[in-house]
2 protein chains.
Amino acid sequence: MTVSTNSKRMTRQRRLVLEELKKLKNHPSADYLFGVVRQKMPNISLGTVYRNLDVLVNSGQALKLDLAGGQCRYDGDMSPHHHIRCSVCSAIDDLSESAVAGIDKPRVSGSDYVVTGWRMEFEGVCPRCQRAKAENPGSQEEASHTVHAFPNMSVTQPESEE
Amino acid sequence: MTVSTNSKRMTRQRRLVLEELKKLKNHPSADYLFGVVRQKMPNISLGTVYRNLDVLVNSGQALKLDLAGGQCRYDGDMSPHHHIRCSVCSAIDDLSESAVAGIDKPRVSGSDYVVTGWRMEFEGVCPRCQRAKAENPGSQEEASHTVHAFPNMSVTQPESEE
DNA sequence: CTAGTTGCAAATGTTTTGCATTCAC
DNA sequence: GTGAATGCAAAACATTTGCAACTAG
């Protein structure tokens, strides 16, 4: 389970994984990133990518986004921001903190847990999939049922803000 | 993929899965629930439990909690509340809405996504694991690095009970 | 009857791990 | 030189699915 000492060697593989992750802005999965780094280092293995991502995350240089949808995604951008996931194509995009109203630093009281953190994620339909749906209304929706729905937010509101 | 017609039969298996889930208060995984229902119906299969949980979720009778930690958990309690997950033992407990300050209905503006929902989860250490750690400080922490940490929230507010 | 459902097992997809070899320090 | 890191492939998991047999309505 994860490395914990701090005697880390900077191998070529590790440097490459780190560099490419920082470059990518699409919150890649380990597998996607594997595909990218493989172009520059064809012999690197998927296990190595996973191991190095783990090192990155545990040393505070990247974020592991354990969002809905099975696969974990990674983010090289450590500045505070939220994420929104397209329920159709699983794209993940950033949501600046100022774009979200109604969320302060949550504070928990009256629990016998020692609260150490929280995680939040938004779900929606990205512009590409909105367009695709408009042109091809037959394709079935995903409506994951694992989120709090916005009750009266009709799924037909291109961008006007409420 | 999931079922989509509405001609559902109430089989013995389905009824049992539903009943037992409603009874359990510990947000069981499919596998755990499988173990429970198997005591009353030894021949039921895990696939059937998954399929019926899916039916339950899609018909609005249960919640699928796709939280951190790989395994999905299910909740038969549909009343609005938050969840907190123990980072040590993965227990999931309820957090009443009134226990959480700082969270309104979040509202998103300035995104080109059509926002349909959000998901939120707290992380902490449950009372049992707090006690275990106090007695055995050697055991390693999990500190999942996949959440927003509470910066200056000291790990000290036992409130003990249970 | 008959279409939805089940049990079983095999398949899937993601992530982890064991191990001999290699390499960074 | 030595322990950390790699490549590879197998293992470990959670979940899904194909299919023949079964059953609720």
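Note on naming: letters A, B, ... go to the chains in the order of the sequence lines (proteins, then strands), and numbering restarts at 1 for each one. Atoms considered below: every heavy atom in the structure, side chains included; atoms not considered: hydrogens, waters and symmetry mates.
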Does the distance from a Lys or Arg side-chain N to an Asp or Glu carboxylate O, for Asp66(B) and Arg85(A), drop under 4.0 Å? no

Gln130(B) side chain to Asp112(A) main-chain N or O, any donor-acceptor pair under 3.5 Å? yes

So, do His83(A) and Leu95(A) sit near enough that their side-chain heavy atoms are less than 4.5 Å apart? no

For DNA chain C, which residues of residues 35-45 of chain B approach it to below 4.0 angstrom with any heavy atom? Asn43(B), Ile44(B), Ser45(B)

Does a sphere of radius 6.0 Å around CZ in Arg12(A) hold more than 12 heavy atoms from other residues, nucleotides or ligands, not counting ones at 6.0 Å or beyond? no

Does Arg51(A) make a side-chain donor-acceptor contact with the base of dA5(D), cut-off 3.5 Å? no

Note the angle between the end axes of the helix from dC1(C)-dG25(D) to dC25(C)-dG1(D), five pairs defining each, rounded to 10 degrees. 40°

For the backbone of His27(A) and the side chain of Arg73(A), can you confirm whether one donor and one acceptor N or O come within less than 3.5 Å of each other? yes

Please report, rounded to the nearest Å, how far the C1' atom of dT5(C) is from the CG atom of Leu46(B). 16 Å

Calculate the interatomic distance between Arg9(B) atom CZ and dT2(C) atom P; express it in whole Å. 12 Å

Tell me whether Glu20(A) is salt-bridged to Lys23(A), with the criterion being a basic N under 4.0 Å from an acidic carboxylate O. yes

OG1 of Thr48(A) to CZ of Arg14(A): how many Å apart, nearest 0.5 Å? 9.5 Å

Atom pair distance, as rounded to whole Å: CD in Gln71(B) and C1' in dG13(C): 16 Å

How do Arg12(B) and Thr48(B) order along DNA chain D: which one's closest nucleotide is nearer the 5' end? Thr48(B)

For DNA chain C, which residues in residues 13-32 of chain B have a heavy atom at a distance below 4.0 Å? Gln13(B), Arg14(B)

Does the side-chain contact (heavy atoms from CB on, under 4.5 Å) test come out yes or no for Gln71(B) and Asp31(B), once each step is laid out? CA-CA 9 Å; Gln71(B) 212 168 173; Asp31(B) 187 66; 4.2 Å; yes

Main-chain N/O of Val55(B) paired to Ser59(B) side chain as donor or acceptor, under 3.5 Å: yes

How many whole angstroms separate atom CE of Met10(A) from atom C1' of dT6(D)? 15 Å

Between dT15(D) atom P and Arg73(B) atom CZ, what is the distance in whole Å? 11 Å

Atom-to-atom span, CG of Asn52(A) to P of dA4(D) - whole angstrom: 15 Å

Determine whether Cys129(A) and Arg131(A) make a side-chain contact, defined as any pair of heavy atoms from C-beta on separated by less than 4.5 Å. no

Return the value, rounded to whole Å, for the distance between atom OH of Tyr50(A) and atom P of dG7(D). 16 Å

Starting from the 5' end of DNA chain C, give me the residue, Gly47(B) or Thr11(B), whose nearest nucleotide shows up first. Thr11(B)

Working note: Val17(A) + Phe34(A), criterion side-chain contact (heavy atoms from CB on, under 4.5 Å); need CA distance, chi angles, decisive distance, verdict. CA-CA 8 Å; Val17(A) 167; Phe34(A) 174 53; over 6 Å; no

Rounded to the nearest Å, what distance is computed from the NZ atom of residue Lys8(A) to the C1' atom of nucleotide dT6(D)? 15 Å

